[in-house]
Every structure is written in structure tokens, then in C-alpha cells.
Protein chains: 2
Amino acid sequence: MANQLSQLDQVFSALADPTRRAIVMRLCAGEASVGELADPFDMALPSFIKHIRVLETSGLVLSEKSGRVRTCRLSPDALLGAEDWFQRQRAIWEARLDRFEAYVMKLKKEKERAAAKRPSRATKKKGS
Amino acid sequence: MANQLSQLDQVFSALADPTRRAIVMRLCAGEASVGELADPFDMALPSFIKHIRVLETSGLVLSEKSGRVRTCRLSPDALLGAEDWFQRQRAIWEARLDRFEAYVMKLKKEKERAAAKRPSRATKKKGS
DNA sequence: CAATTGGTTAGCCATGTAGCTAACTATAGA
DNA sequence: TCTATAGTTAGCTACATGGCTAACCAATTG
């Protein structure tokens, strides 16, 4: 039935469009009406409204209509959720780097220890 | 000619797909061959390779072929760039919240000061 | 009430994306 | 050298996306 996209799918795909990213950036600075948001863009209103709907269904933006004007504001949770994904990946990545560094260190120490025990082979200058 | 998408566009759009996000997560833990990466997925190889190419052109993944096996690894820069975007937006958002809070504080203080000057109006219990 | 403003719905079109199969190249191993 | 393995190319289909125009509410305003 309903396409069951994860929240992250929708958030990233929403942010993949420069128009929508610009809307989000604008809304970070405070809420605004659809017309105000649309103004800087050279685009027919219906096209623009589609972008807003994408942002809404992704959970990045909330809006409510009062009278004939709809006011949009950012919903920071979705944004934080996405930022969080990056932080988790970075944590894994950095842990790996640390392990790698530790591994290199261990190799180095072992080599040094081996060199200390029989100082002949590795440290020998050159000849047979 | 070439479609001139920004790096952010490509990175976010690459990460909008759960398969590609899984690949990135896998690569955070260390490099892997195309076959190893493809293994957990129930998908024809050519389809899978397309995902890898998307990740490569977005700059998230690097790969090189040696013999008949292509080894892929993460290129953290693109990932960091995207994470950075979130942090900048959050900074703007938080600055706004701070200003808003300061504004509320100012209102509160002014109200208190006014109340101190003529303690009649605001603090009066009820009647005319 | 009539006209304007702000937004919305419906529907069209071109392009992009995700998946597939079939057929191919090139290296590694027996 | 023959065969299996790892990946790649080509080409197809179905569906999603981003843009448009035209027509349509529904509040405000004159």
C-alpha cells in the first residue's frame, strides 16, 4: 500500500534539492508564509508548493493555515535526526581509525622489541 | 552540458537511498570489494553496481581495481561536508532561539519594572 | 456585492532513477 | 589451455520527480 519510506529516506531526499535546502535555511531564521518563501524563486507557485509538501511529508517543516495564509515553520527534530545519522557514522569511522592506529603502534612496538632481542638482523647496517 | 549538480545535492541524493546508506555504513567499518558489499543484498549485480557508481560520483566512495577485484573505501570528506551543513543550520536555528529567549526575557523584565512602578494595575486582584 | 489576494487542485509533459536480463571482458585457478 | 570468478556494458521497463498552465476556492478589501 503506502510506500513505507523511512524518515531518513525522506529527509535526505528532501534535502537533495537546492530549492528545498534554501527553504529550510530560510526557515531556520524564522517562520514565514508560503508567499514569502516563494518570492525569491523564479518558479510557478504550484511547483513551489510541491516542494513545501515534500518538506512537510518528510517531517522537516510544519505549517498551519489561518485565514487565507499558510505559515510554515521548521520542525527541528527531523533535522536533528539526520544530523545524528552522520554523527553515528563518524563515530564508527573514527573508532576504526583508532583501532588501526593502535594496530600500527602494536606492530611498531613488536618490531622494536624484536630488534632489541637480537640486534643483528634488522638493525644491521648492510653486508652479508 | 554536464548537469552541474552541487556536491551537496549529490551527497544527499545518494544518501536518500537505504541501500546506499547501508553501503556507506558498511564502508565506515573498513574497505571491501564490490562482491562483499553486494552479498547481503537481494539484487542483481548490475543494479547494485549502479548504486556504487552513484556513491562514487557523489564523492562519498573511492575505489580502485586490482586484478579482477575492485576495492571500495569511504572518502570521509563528502560525509563531513554534509554533516557540516547540518551544523551550520543548527547554529542559525539556535541563534534565533537565543534571540527569542532574550526577547521574552526583556518583555518579562519590562513588565516587572512597570509593575514595580505602579503596583495597582497588573497586580490588582480583580474588580473595576 | 465585486475585485483582489493567497493558496490549492488537476492534469500534462519531459526527464531521471531503480530495477531487470543478456551478453561481454578480463583475471585467476585447475 | 579451459573454466570459473568478478565485474562491466548495453538496453529495456516501470515509476518517481520537477516543472508548467488552467481553473478553482476562500478570505480580505474597496
Side-chain angles (χ1 to χ4, degrees), chain A residues 1-24 26-27 30-73, chain B residues 1-24 26-27 30-73:
Chain A
M1 309 266 175
N3 209 344
Q4 186 63 332
L5 290 211
S6 90
Q7 168 103 331
L8 268 186
D9 287 24
Q10 296 191 66
V11 168
F12 282 134
S13 132
L15 293 177
D17 183 282
T19 301
R20 291 194 291 257
R21 261 193 333 271
I23 296 175
V24 167
R26 169 58 242 275
L27 288 180
E31 57 182 39
S33 74
V34 169
E36 284 165 3
L37 288 173
D39 199 51
F41 297 95
D42 184 21
M43 184 184 297
L45 236 213
S47 318
F48 186 80
I49 288 187
K50 274 194 195 171
H51 286 298
I52 294 204
R53 291 186 87 92
V54 170
L55 288 169
E56 280 194 293
T57 65
S58 79
L60 281 165
V61 165
L62 299 174
S63 76
E64 59 194 314
K65 197 163 180 175
S66 122
R68 65 183 165 177
V69 36
R70 173 174 300 279
T71 304
C72 304
R73 66 182 204 282
Chain B
M1 302 287 169
N3 209 347
Q4 184 64 330
L5 289 211
S6 89
Q7 168 105 331
L8 267 187
D9 286 25
Q10 296 192 66
V11 168
F12 281 135
S13 131
L15 294 178
D17 183 282
T19 301
R20 291 192 292 256
R21 251 179 359 257
I23 296 175
V24 168
R26 168 60 241 275
L27 289 180
E31 57 183 39
S33 73
V34 169
E36 283 166 4
L37 288 174
D39 198 51
F41 297 94
D42 185 20
M43 183 183 297
L45 237 211
S47 318
F48 186 80
I49 287 185
K50 274 196 196 168
H51 286 298
I52 293 203
R53 292 187 88 89
V54 170
L55 288 169
E56 280 194 291
T57 65
S58 79
L60 281 165
V61 164
L62 300 174
S63 77
E64 58 194 314
K65 195 163 180 175
S66 125
R68 65 184 166 176
V69 35
R70 174 174 301 277
T71 303
C72 304
R73 64 181 205 280

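Labels below follow one simple rule: chain letters A, B, ... track the order of the sequence lines, proteins then strands, and each chain is numbered from 1.
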Would you say A/Arg53 places a side-chain N or O within less than 4.0 Å of OP1 or OP2 belonging to C/dT9? yes

What is the ring orientation for B/Phe48 with B/Phe41, classed by angle as parallel under 30°, tilted 30 to 60°, or perpendicular over 60°? tilted

The residue, B/Val34 or A/Phe48, whose nearest nucleotide of DNA chain D is more 5′ is B/Val34

Say whether, by atom type as modelled, one donor and one acceptor occur between the side chain of A/Arg70 and the main chain of A/Val34 under 3.5 angstrom. no

Would you mind reading off the distance between A/Arg21 atom CZ and D/dG18 atom P, rounded to a whole angstrom? 12 Å

Please tell me which of B/Gly35 and A/Leu45 maps to the more 5' nucleotide of DNA chain D, matching each residue to the nucleotide holding its nearest heavy atom. B/Gly35

Closest listed nucleotide, where the reference is the side chain of A/Val69 and the choices are C/dG6, D/dG7, D/dC20: C/dG6

Rounded to the nearest 0.5 Å, what separates atom CG in A/Leu45 from atom CG in A/Asp39? 10.0 Å

Do A/Arg20 side-chain atoms and A/Leu15 backbone N/O form a donor-acceptor pair below 3.5 Å? no

With sugar-phosphate meaning primed atoms plus P, OP1 and OP2, does B/Thr19 contact a base, only sugar-phosphate, or nothing at under 4.0 Å between heavy atoms? nothing

Distance check needed: C/dG16 P versus B/Asp17 CG, whole Å only. 18 Å

Let me know the distance between CZ of B/Phe41 and P of C/dA18, rounded to the nearest Å. 14 Å

Kindly say if B/His51 contacts the phosphate of C/dG19, meaning a side-chain N or O under 4.0 Å from OP1 or OP2. yes

Take atom CZ of B/Arg70 and atom C1' of C/dA28, then tell me their distance rounded to the nearest Å. 18 Å

Rounded off to whole Å, could you give me the CG-to-C1' distance for the B/Leu37 and D/dT8 pair? 16 Å

B/Ser13 side, atom OG; B/Leu8 side, atom CG - distance, nearest 0.5 Å: 11.5 Å

Can a side chain N or O of B/Arg68 be found less than 4.0 Å away from OP1 or OP2 on D/dA4? no

Rounded to whole Å, CD1 of B/Ile49 lies from P of C/dT21 at a distance of 14 Å

Using whole Å, what does the distance between atom P of nucleotide D/dC20 and atom CG of A/Asp42 come to? 8 Å

Taking the minimum atom-to-atom distance to the side chain of B/Lys50, which one of D/dC20, D/dA6, D/dG11 wins? D/dG11

When you measure from the side-chain N and O atoms of A/Ser47 to the phosphate of D/dC20, is any distance below 4.0 Å, counting only OP1 and OP2? yes

Side-chain contact check for B/Pro46: nearest option of D/dG7, D/dA6, C/dC20 is C/dC20

Is there a donor and acceptor pair, one atom on the side chain of B/Lys65 and one on the base of D/dG7, closer than 3.5 Å? no

May I have the distance from A/Ile52 (atom CD1) to D/dG19 (atom P), rounded to whole angstrom? 13 Å

